[in-house]
Amino acid sequence: MDFIQNLFEKILWSSRLFILLAVILSMVGAALLFIVASIDVIKASMNTYKYYMGLLGDGADIHNVLLHTIVSAIDLYLIAVVLLIFSFGLYELFIRKITIKDDNSSKVLEIHTLDQLKDKLAKVIVMALIVAFFSKVLNMGISEPQDMFYFAISILGICIGLYFLHKH
């Protein structure tokens, strides 16, 4: 009976290694998001240069395009950070503590409990949602005074949410 129990516990303990799949793929996803966001910023830089050199079409308004591209890139960067924090947290919680750290290491990636991981992820996700909201607002046309009122109420809601998020 002890043999079966020991075998079962060994299999159960080894099954935590399935987490490596989530860790690796989260890191790949983060890298892809960083690359795509960076390419978008580079393209926006080139388009801005072309606009001010007169090489872009006459009807193009670079200001809105540039602002939308930069805000979208920030959103992608934040989601990439979520994936990185997620992969670091899963690795440290389920596989082993990361020992390659120095005195200058960031405490952001130190995760000791599942609650810490959830808190850190929630904060970054909320920031990504705020950036996504800002991106939508940039494309929203304000045509009536009621639209401005709803816009102000939504900004107030975001501020209240951030207040409670950072309040301990």
Side-chain angles (χ1 to χ4, degrees), residues 1-48 64-140 154-168:
M1 193 65 175
D2 285 340
F3 171 76
I4 293 174
Q5 182 179 351
N6 287 338
L7 179 65
F8 181 75
E9 288 175 359
K10 187 172 184 172
I11 291 171
L12 188 61
W13 180 249
S14 297
S15 69
R16 80 188 195 292
L17 296 177
F18 286 124
I19 295 293
L20 285 175
L21 188 62
V23 169
I24 292 168
L25 293 178
S26 293
M27 288 175 35
V28 168
L32 290 173
L33 286 171
F34 277 124
I35 290 168
V36 168
S38 298
I39 289 171
D40 287 349
V41 171
I42 291 168
K43 284 182 181 178
S45 301
M46 291 188 305
N47 286 337
T48 302
N64 288 335
V65 173
L66 181 62
L67 190 58
H68 178 70
T69 303
I70 298 299
V71 169
S72 296
I74 290 170
D75 197 30
L76 291 177
Y77 285 135
L78 284 171
I79 295 169
V81 167
V82 167
L83 289 174
L84 277 180
I85 291 172
F86 180 71
S87 62
F88 271 85
L90 284 181
Y91 187 85
E92 284 206 337
L93 288 174
F94 291 96
I95 307 300
R96 88 184 270 236
K97 297 290 177 211
I98 297 173
T99 57
I100 306 174
K101 295 180 184 173
D102 58 12
D103 295 335
N104 298 326
S105 320
S106 172
K107 302 291 184 202
V108 172
L109 298 176
E110 280 189 21
I111 298 165
H112 302 290
T113 66
L114 196 56
D115 284 336
Q116 281 182 331
L117 177 60
K118 289 189 316 186
D119 288 344
K120 289 180 185 203
L121 288 175
K123 288 178 182 176
V124 179
I125 288 170
V126 166
M127 291 308 297
L129 289 174
I130 290 171
V131 171
F133 173 76
F134 181 65
S135 176
K136 297 292 183 199
V137 167
L138 289 176
N139 296 327
M140 180 181 84
S154 61
I155 295 295
L156 177 65
I158 288 173
C159 291
I160 291 170
L162 281 175
Y163 171 76
F164 283 116
L165 185 66
H166 293 293
K167 184 180 177 184
H168 292 293

Report the distance from atom CD1 of Ile95 to atom CG of Leu17, rounding to the nearest 0.5 Å.
5.0 Å
In terms of heavy-atom contacts, Leu117 and Ile85 come closest through CD1-O, 3.6 Å
Just so I know, are the side chains of Ile111 and Phe86 near enough to count as touching, which here means a heavy-atom distance under 4.5 Å?
no
For Val82 against Leu121, the heavy-atom pair lying closest together:
O-CD2, 3.4 Å
What is the distance from atom CD1 of Ile79 to atom CG of Leu33, rounded to the nearest 0.5 Å?
6.5 Å
Does the side chain of Asn47 come within less than 4.5 Å of Val65's, by heavy atoms?
no
Residue set satisfying salt bridge (Lys or Arg N to Asp or Glu O under 4.0 Å) with Lys97, at least two apart, ordered chain then number -> none
So, does Ser87 use its side chain to make a donor-acceptor pair with the main chain of Leu84 at under 3.5 Å?
yes
State, yes or no, whether a side-chain contact exists between Leu129 and Ile125 at a heavy-atom distance under 4.5 Å.
yes
Let's go through Asp75 and Phe133 carefully: what are the C-alpha distance in whole Å and the side-chain angles of both, what is the deciding distance for side-chain contact (heavy atoms from CB on, under 4.5 Å) to 0.1 Å, and is it a yes or a no?
CA-CA 10 Å; Asp75 197 30; Phe133 173 76; over 6 Å; no
Could you check whether atom CD1 of Ile4 has more than 12 heavy atoms from other residues, nucleotides or ligands sitting under 6.0 Å from it?
no
Heavy-atom closest pair, residues Leu83 and Ser26:
CB-O, 3.6 Å
Presence of salt bridge, Asp115 and Lys118, under 4.0 angstrom:
yes
Validation row: Thr69, Val41 side chains within 4.5 angstrom (heavy atoms)
no
Within 6.0 angstrom of Phe88 CZ, more than 12 heavy atoms from elsewhere
no
For the atom pair CD1 (Ile19) and CG (Leu90), what is the distance rounded to the nearest 0.5 Å?
5.5 Å
Could you tell me whether His112 atom NE2 has more than 12 heavy atoms of other residues or ligands within 6.0 Å of it?
yes
Can you find a pair of side-chain heavy atoms, one from Leu76 and one from Ser72, that are under 4.5 Å apart?
no
Side chain proximity check, Tyr91 to Ile24, heavy atoms < 4.5 angstrom:
no
Kindly indicate, with the supporting measurements, whether the criterion side-chain contact (heavy atoms from CB on, under 4.5 Å) is fulfilled by Ile11 and Leu7.
CA-CA 6 Å; Ile11 291 171; Leu7 179 65; 4.0 Å; yes
4.5 Å side-chain heavy-atom contact, Phe164 and Ile160
yes
Pairs satisfying side-chain hydrogen bond (donor to acceptor under 3.5 Å, both in side chains), at least one member in residues 3-24, at least two apart:
Gln5-Glu9
